[in-house]
Every structure is written in structure tokens, then in C-alpha cells.
Protein chains: 2
Amino acid sequence: MQTSFMKESLATPVIPKKTVYRLSIYQRCLQRLIENDVSTVSSESLAGVAGVKPTQLRKDLAHFGQFGTRGLGYNVKTLVEMIRDALGRNRLQPVVLVGAGNLGSALLRYSGFQKEGFEILAAFDIAAKRGEPRVDGVPIIPQHEMSEFVNEHDVRMAILAVPMNAAQGVVDQLVAAGVQAILNFSPTVVDVPDDVMVKNVDLAVELENLSYFVRN
Amino acid sequence: MQTSFMKESLATPVIPKKTVYRLSIYQRCLQRLIENDVSTVSSESLAGVAGVKPTQLRKDLAHFGQFGTRGLGYNVKTLVEMIRDALGRNRLQPVVLVGAGNLGSALLRYSGFQKEGFEILAAFDIAAKRGEPRVDGVPIIPQHEMSEFVNEHDVRMAILAVPMNAAQGVVDQLVAAGVQAILNFSPTVVDVPDDVMVKNVDLAVELENLSYFVRN
DNA sequence: TTCTGTGAAAACCTTCACAGCT
DNA sequence: AGCTGTGAAGGTTTTCACAGAA
């Protein structure tokens, strides 16, 4: 009873996780349409490039209201704005990266994050010394300064690329310092409170999983 | 009718994709148990470290037969072997990497793949020249030699880390050369025939998606 | 008693079919 | 005519509840 009420509270109209995920994909596709000066798009063609069925796209959008024009399609700009709002973020979300090793440094140099409105404020590494040279403008800071930094800069998101056995410890610190969402590249499942979201990207698991689908 | 028959053909007893995915995770957890000389594990504790519910773990395993001992749990070694068999692979699956840029090079140096039984035979890059120095023992080869190499070495899996606008072209070549599974780090959805499996890992999309779950 | 294996129920997600705008 | 919006149907995955083996 109470649960059902909470689920339907106006603040969060229960958007399925999978829908939220696809929204990010639609967003990326729409941005490319904008670059190509396309101003209107049908559910069929947008779904096509996003790799989903048109009905699914429409159902996904329906969670947020009515944005299309029947007989015509969707206005690209309107859609982009609506998804931006739906995903929250008045943009430029601050992020920290932990673990500036092999993979971590590559992620630091990866320009895709900035382009999508995230700013990596700093990278932390256990082996970093004061005065470490910046990588692509991002300072590399000794890890023991992490908690304070996260607190002070109101950082809510972190990218984790530390070795397996360090992961849980770092996560605990991050959570204690106020981080609410973690993109975890460390090859281990970490424990967090219910109100913290973790997305695991375990490269070896992904490959292993894929290998199931190759025929001999 | 026919579809239903095909679905139940003995060769493939219809394992849900999500189950297959979790199998890889269980495998990783079990390996750690072996390192710690744990010989028996209950569905509850294995599920705990894998981040799933015990019933789900049992349902997943049930697809392949009965492996547990009631009142006791599962034999770790037996389980590892059963999962290895289930995931197929007599191990050491050959893989190629395409795109030895920023992210690609980091992936090349990532040791997790080898450890899980994959061998990166070669990396291809459009800018590579003959006689390029090896990275971690893996040769970097000009991209125009890719198709031939894939064909000759019977490569069935590829890791893709090329820029967005190059992705589809490379995928088409890979598929034509016989690749059946692609781990795609390029920030775009690619088109493939039904019998080719693609797993997209779009870093920016993952972050964007996560940001939905941070509260202000 | 403890813990697995499993039908049945519940929850969740996708697709269909078509009504309703433009 | 063309394309969106949506209730209802269909499918899949997860969870429950408990029977049954060690």
C-alpha cells in the first residue's frame, strides 16, 4: 500500500532503468542529427539508428509526455531538451577518477566524457606525489587527499579503475564522502548502500560472455 | 510451431542471455574462492559476492543440471568446470583488436583478457606502419592487412576501439572475414547480421546513464 | 537441520494493434 | 496518408514458497 504510493509519487514517475539507459543512446543519436542539420525525425528512423524498435522508442518517450507531431515525427531540438531534462543534470557534472594506472590514464585522456557534459576534476592515485604533472589538464593527486577533495567539491560521481583488491576500500571512502554513482572498471563486484548506484564494466567478463555466442 | 521446435533443439537448451552473462561473473568469483582454498560454497554466499539473489543463482545453474549437494552447497571445482563447459571454449580463444589509439592501447596492455583465456593475436591500426614496435608482445599491423589476417588465423572475436565514423566500415570487414562476436568500444551503434553478436561498451553513455541516479 | 531444486506467482519489459491527430 | 500515443497481449526474468535430499 505505502510502497505503491511511494512508487507513484509525482517526483519520480517510475522510469524503468532500461528506458533511462536507452535515453542516453537516443541522446547521442540526436546529437548527430543536429550536427547534420536534421530538424525532424520519425520514431522509425531514430529507432533505426539507435538499434531499437520504433514502438519501444515511442513507449520510452511516452513516460515523459507527448513530444511528437502525428503524421510528422519529433522535433529534434525539442527531443534533445526533453531528454536532457529527463536525465536531470543541468550539465557539467563534476566527476573524479580513481586509479591512474594503465586503464585509468586512458580514460583520463578519453574526450568523450567532456563532450557529454562531464568534467573530470581530478584523478587520484595511490602512487601519485604532490606536484605530479597534469594529464590533459587534469591534476593527479595522492589518494589520501581524495575524501577531502570529494567533500569540498561536492562531487557525486566517480570513475573507478583501481586493482581488484583495492576496489572495496576506495568505494567505501567515496561513499562516505558523498559519492552517489560509480562507474566501476575494477574487476570485482563492490558492496554499496542501496542509495548508491554502481555500474560495473568488467572488460574480461564482457569478452567471456561474448565468447558464448561464437560457434565453432 | 517450428520456431518453438527450434528453440528447444537439444543442441541449445535455451539459456537466457542474462544467465550466460551472470555465469561469467560467477566464474570470476569462483576463481577467487579457489585461490583462497575454499572447496565448497553455498548458493547464498556465492550469490552474495556475485551481487545477486541466491534463488537466481540456483535458477541459473539449474539450466545445466544438478550440481549441488543439498544441505551442503556446491563443490567449487565442479562448478568451475561446469561453467567453463557451459560457456564453451576449450579456452585460449584468439582475438584481434582494431584501433590502437588512446583507449585501444590501454586495452592492449590490460592483462585481464589473457588471464581469462583470451589471446590478443594482433592489433590493427590505420596509422600503423610495417615494423611497428610490439606492445606487450602484440604486433601492431597496418589495417589493410586485417581481413587477410582474420581469415588466416580463424579469428572469431574482435575488440573494436576505432573512432565513431570508422566503426561501421571496420565492422563490415570483420564480419566479412568471419568474425562472430565484437566488443565495441566505439561510441556508435553498428549494424550486423543476426548471427553476429555485438556488445556495446559506450563509456560516455554509461556515465550519462549513471548521472540519472544522482540526486541533487 | 541445512541447503538445493523447482513449479507457480509476480514483476517487468517488449511488441502488437489500432485509435486519434495533423 | 502518415506517424504518434497507448491499452492490451505476449514474453521474459525474477522471486517466492516449499518439497526433497544429505
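So that the names make sense, note that chain A is the first sequence line, chain B the second, and so on, each numbered from 1. The analysis underlying the following values was restricted to heavy atoms, covering all of them including side chains, and did not include hydrogens, waters or symmetry mates. Given the structure is predicted, the values throughout are model-derived calculations rather than measurements.
- Under the 30°/60° scheme for interplanar angles, the aromatic rings of Phe113(A) and Tyr110(A) are found to stand perpendicular.
- Distance, Lys53(A) NZ to dC3(D) C1': 18 Å, rounded to whole Å.
- For Lys18(B) and dG11(D), the NZ to P distance is 18 Å, given to the nearest whole Å.
- Taking atom NE2 of residue His63(B) and atom C1' of nucleotide dG7(C), one finds them 13 Å apart after rounding to whole Å.
- For dC21(C), the OP1/OP2 oxygens have no side-chain nitrogen or oxygen of Gln66(A) closer than 4.0 Å.
- Proximity of Tyr21(B) to the phosphate of dT13(D): no side-chain N or O atom is located under 4.0 Å from OP1 or OP2.
- Mapping Glu44(A) and Arg58(B) onto DNA chain D by nearest heavy atom places Glu44(A) at the nucleotide closer to the 5' end.
- One cannot find a donor-acceptor pair under 3.5 Å joining the base of dT6(C) and the side-chain atoms of Lys59(B).
- In this model, the phosphate group of dT2(C) is not approached by any side-chain N or O of Tyr74(B) to a distance below 4.0 Å at OP1 or OP2.
- There is no side-chain donor-acceptor pair under 3.5 Å between Asp60(A) and Gln56(A).
- Note: NZ (Lys17(A)) to P (dT14(C)) measures 14 Å, nearest angstrom.
- Along DNA chain C, the nucleotide closest to Gly71(A) and the one closest to Gln56(A) are compared, and the more 5′ of them pairs with Gln56(A).
- In this entry the distance linking CZ of Arg22(B) with C1' of dT15(D) reads 12 Å, nearest Å.
- Contacts of Thr55(B) with the nucleic acid, taken as non-hydrogen atoms under 4.0 Å apart, include base atoms.
- Straight-line distance from the CG atom of Leu72(B) to the C1' atom of dG5(C): 15 Å, rounded to whole Å.
- Other residues, nucleotides and ligands contribute at most 12 non-hydrogen atoms within 6.0 Å of the CD atom of Glu44(A).
- Within 4.0 Å of Ser43(A), counting heavy atoms only, lie sugar-phosphate atoms of the nucleic acid but no base atom.
- The nearest whole Å value for the distance from the CG atom in Leu61(A) to the P atom in dT4(D) is 10 Å.
- Taken to the nearest 0.5 Å, the CD atom of Glu208(A) stands 10.5 Å off from the CD atom of Gln93(B).
- Contact check for Tyr74(B) versus Leu46(B): no side-chain heavy atoms found under the 4.5 Å cut-off.
- Atom pair Asp60(A):CG and dT6(D):P shows a separation of 14 Å (rounding to whole Å applied).
- You'll find that the side chain of Arg70(B) is closest to dA21(D), out of dT14(C), dC3(D), dA21(D).
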